[in-house]
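Note sheet for the following structure.
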Amino acid sequence: MCCTVLGFARSADFAEDKPAGTPCRHLGADFRCGIHERLVDRGYRGCTAYDCFGAGQHTTRVTFAGADWRTHPELAGAMSAALGVLRGLHELRWHVVTALGLPAAAAVRAELAAADEELAALADLDADGLAALDLAAVHGRTVEPLRRAAALARGAVDTSGRARDARRGRARHDRRGAELSGAQLLGADLRGADLRAASLRGALLLAVDLRCADLTGTDLTGADLRDADVRGADLSGALFLTRVQVAAARGDAATALPAGLERPRAWTAARQAKP
Ligand code: SF4
């Protein structure tokens with residue numbers, strides 16, 4: 001679904017133009033990507049930095065009960081519209097499920113569980129129900145328990161010791177617990193920064209230098225990490241860090257990632273950051 005519905009323009013992330021609503025020329029008859037193992041080499045890094053959070057599969061398997069746009073072209077428009085809504089619901093639900101896994105967020109667990117239940121039920125609406133759904137309103141009532149969960153998790157981080165890089169005598173910026181939500185930090189020098197328990201929620205971190213920084217317990221919800229240099233950084237305890245954010249950043253073999261997040265293939269050949 002995503003390889004057809006979404007469009008992209010020739011750039012550093014995509015080797016060619018593809019209008020929205022047309023299948024990518026690398027999409028096989030079996031709906032698999034024909035260059036999946038070589039996406040970066042073939043100039044499609046943007047595809048590795050995309051995640052529909054399972055919305056594409058849900059659209060075809062559940063909402064349209066196994067139908068696909070090739071055998072049912074008349075459904076293509078409705079499927080595309082449903083995918084847009086479902087992606088929002090699934091991404092929101094990923095955050096809720098992640099928050100439910102935070103031990104420090106026990107005080108909001110009941111609200112999170114209710115949100116999870118609501119989001120699961122909404123995702124199972126039929127195509128007309130999804131089209132009529134006010135996604136912004138759903139987001140509005142879900143984001144509050146998420147914010148509180150993040151605040152509780154940040155508050156539980158022990159920031160009394162020294163950051164990872166500080167142990168090597170290199171901590172350059174002490175931003176422990178800093179409130180940097182929505183901050184515009186494009187290209188900023190945060191190399192070796194101690195950002196433990198800080199909030200970078202919704203922050204613009206394009207091309208920011210985070211080499212060897214410590215982001216333990218840092219809220220990264222919705223932060224834009226495109227081209228952020230995270231070589232040698234400790235992201236292992238970062239909060240709400242998605243696969244999309246990781247793939248958009250530039251790391252190396254020394255970047256510590258949370259359990260369950262795969263190291264992007266593009267990172268393996270990268271030179272390691274000097275501490
Ligand atoms: S290159 Fe592969 S993953 Fe990217 S849009 Fe085309 S088929 Fe999909």
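As the structure lists them, so they are numbered: ligands from 1, and atoms in each ligand from 1.
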task: Measure from the ring center of H72 to the ring center of F64 and say whether it is less than 6.0 Å.
output: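 No: the rings miss the under 6.0 Å criterion.
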- prompt: Which protein N, O or S atoms lie under 2.8 Å from atom 2 (Fe) of ligand 1, given by chain and residue number?
  reply: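 Metal shell, protein only: C33 SG.
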Test applied, side-chain hydrogen bond (donor to acceptor under 3.5 Å, both in side chains); reference residue, R93; option that passes from T98, D116, T142: D116
query: With the threshold set at 4.0 Å, does a side-chain nitrogen-carboxylate oxygen contact exist between D229 and R231?
result: yes
Carboxylate-amine/guanidinium proximity below 4.0 Å for R87 and E91: yes
- request: Using side-chain contact (heavy atoms from CB on, under 4.5 Å) as the criterion, point out the one residue from D234, D194, L200 that pairs with L215.
  value: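 The option that passes is L200.
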message: What I'd like to find out is whether the side chain of D13 reaches to under 4.5 Å of the side chain of Y50, using heavy atoms alone.
response: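 No - every pair of side-chain heavy atoms lies 4.5 Å or more apart.
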